[in-house]
Amino acid sequence: MFSFDIEYKDSETSARAGRIKTPHGEIETPIFMPVGTVGSVKALSPEDLNNAGAQIILGNTYHLYLRPGTEVLKHFGGLAAFSSWNKPTLTDSGGFQVFSLAELNKITEDGVSFKSHLDGSSLYLNPEKSIEIQEAIGSDIIMSFDECIPYPATYEYVKNSVDRTARWALRGKNAKKRDEQALFGIVQGGIYEDMRKRSAEQLTSIGFDGYSIGGLSVGEEISTMYEICGYTASLLPQDKPRYLMGVGTPEDILTCIGLGVDMFDCVMPTRNARNGTLFTSSGKFSIKRADLAFSDEKIDENCSCYTCRNFSRGYLRHLYKAGEILALRLNSIHNISFYLSIVKNSRNAVKEGKFKSFQQEMLYRLKNNN
Ligand SMILES: CNc1nc2cc3c(=O)[nH]c(N)nc3c(CCN)c2[nH]1
Ligand SMILES: [Zn+2]
């Protein structure tokens with residue numbers, strides 16, 4: 001079954017350290033979830049993910065529905081068994097992906113018809129279908145089918161969309177058959193605080209196992225993202241997990257942990273790894289830099305990942321320039337390890353009552369690029 005316990009609360013910020021229990025294992029929060037959109041975190045094996053300290057990974061209903069499809073997933077006993085990932089999985093509901101990836105045909109009260117971005121075939125998603133697919137995937141935490149409101153959007157559009165997302169969330173909850181899966185509601189509301197309040201109240205009155213803060217990191221100012229995130233988090237139940245979707249940079253994660261967020265996901269560490277941008281505790285840099293050709297330094301002196309224990313910046317630059325496949329894996333191992341160390345060190349700082357000073361020191365160090 002699903003449970004969430006807060007183990008420590010910070011006294012100076014809204015940060016908390018907790019533990020989520022799921023059928024596939026426990027998750028220590030704050031946590032970062034590597035994105036494994038179509039059933040793998042790109043370039044990384046489950047062993048790489050375990051060695052990096054990953055506790056839960058994310059999959060996407062939209063992509064998995066298109067390929068390999070629910071029949072294959074059911075045949076293999078769900079996504080985790082299929083991909084030999086033996087820890088918890090969270091799936092997004094398809095709302096965000098349909099609106100952002102597919103060629104949209106029609107959005108109605110019932111759902112969304114669209115053309116597959118793979119082969120152009122006509123498909124349909126609605127709350128009931130999204131829940132059905134997530135049940136076939138067998139993820140431990142599933143998301144309500146929502147509309148991630150684009151930015152900018154008029155107040156009128158936001159209000160109508162918020163109300164429909166709440167109706168969709170209720171339909172999804174009513175369609176859910178498997179008790180062992182936890183269902184999160186996704187708060188929308190654009191950048192309007194009264195709409196965020198409306199959405200939070202609608203969803204908390206329906207009642208969910210946890211709440212996502214949606215509709216952010218979609219092009220709005222960073223300061224607006226922090227303001228809306230903090231305000232929305234303050235509206236959500238203290239005793240349920242809060243998941244800020246699609247966020248973000250190391251600075252965003254450190255800041256939003258202080259605003260009371262427990263869960264994060266972002267493609268940044270894996271996507272940037274594949275294009276040669278590496279994250280370190282004193283800022284990020286490109287492995288392609290010519291001045292790194294003779295560098296026998298590690299990526300980050302403070303990192304204990306497999307890549308930093310075994311390879312120099314010079315070698316990693318060579319691999320990348322040569323287009324070697326190994327570059328993708330080694331860079332991804334490091335960036336994922338770095339992101340996981342941020343949330344782990346944040347959790348430890350909260351437990352020791354030192355989160356504020358830890359956060360401020362990290363934010364300062366991240367500013368001066370090396
Ligand atoms: C990169 N920025 C970003 N913002 C999101 C908002 C939603 C959002 O509002 N709803 C859903 N369902 N997903 C979102 C996602 C995907 C998270 N993997 C977002 N990603
Ligand atoms: Zn490393």
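First listed ligand is number 1; within each ligand, the first listed atom is number 1.
Note: angle at the Zn ion (ligand 2), from SG of C303 to SG of C308, is 110° (rounded to 10 degrees).
For ligand 1, the 4.0 Å heavy-atom shell takes in D92, S93, F96, D146, C148, I186, Q188, G214, G215, L216, S217, V218, M245, G246, D265, ordered by chain and residue number.
A donor-acceptor pair under 3.5 Å is absent between the side-chain atoms of R329 and the main chain of I325, judged by distance alone.
Classification of the F76-F82 ring pair by plane angle, with boundaries at 30° and 60°, yields tilted.
None of I206, L183, L170 except one satisfies the side chain to side chain contact (heavy atoms under 4.5 Å, CB included) rule with S144; the exception is L183.
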Problem set entry | Evaluation steps, salt bridge (Lys or Arg N to Asp or Glu O under 4.0 Å), between R178 and E135 | CA-CA 7 Å; R178 296 181 55 177; E135 292 189 325; 5.8 Å; no
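Cation-pi check for R313 over F285 is met; the charged atom lies under 6.0 angstrom from the ring centroid and within 45 degrees of its normal.
Taking the N/O/S atoms of H334 in turn, the shortest distance to the Zn ion (ligand 2) belongs to ND1.
In this structure, F279 has its ring center under 6.0 Å from that of Y339.
Sequence neighbours left out, the pairs with a member in residues 56-82 that pass side chain to side chain donor-acceptor pair (under 3.5 Å) are T37-N60, N60-Q97, Y62-H117.
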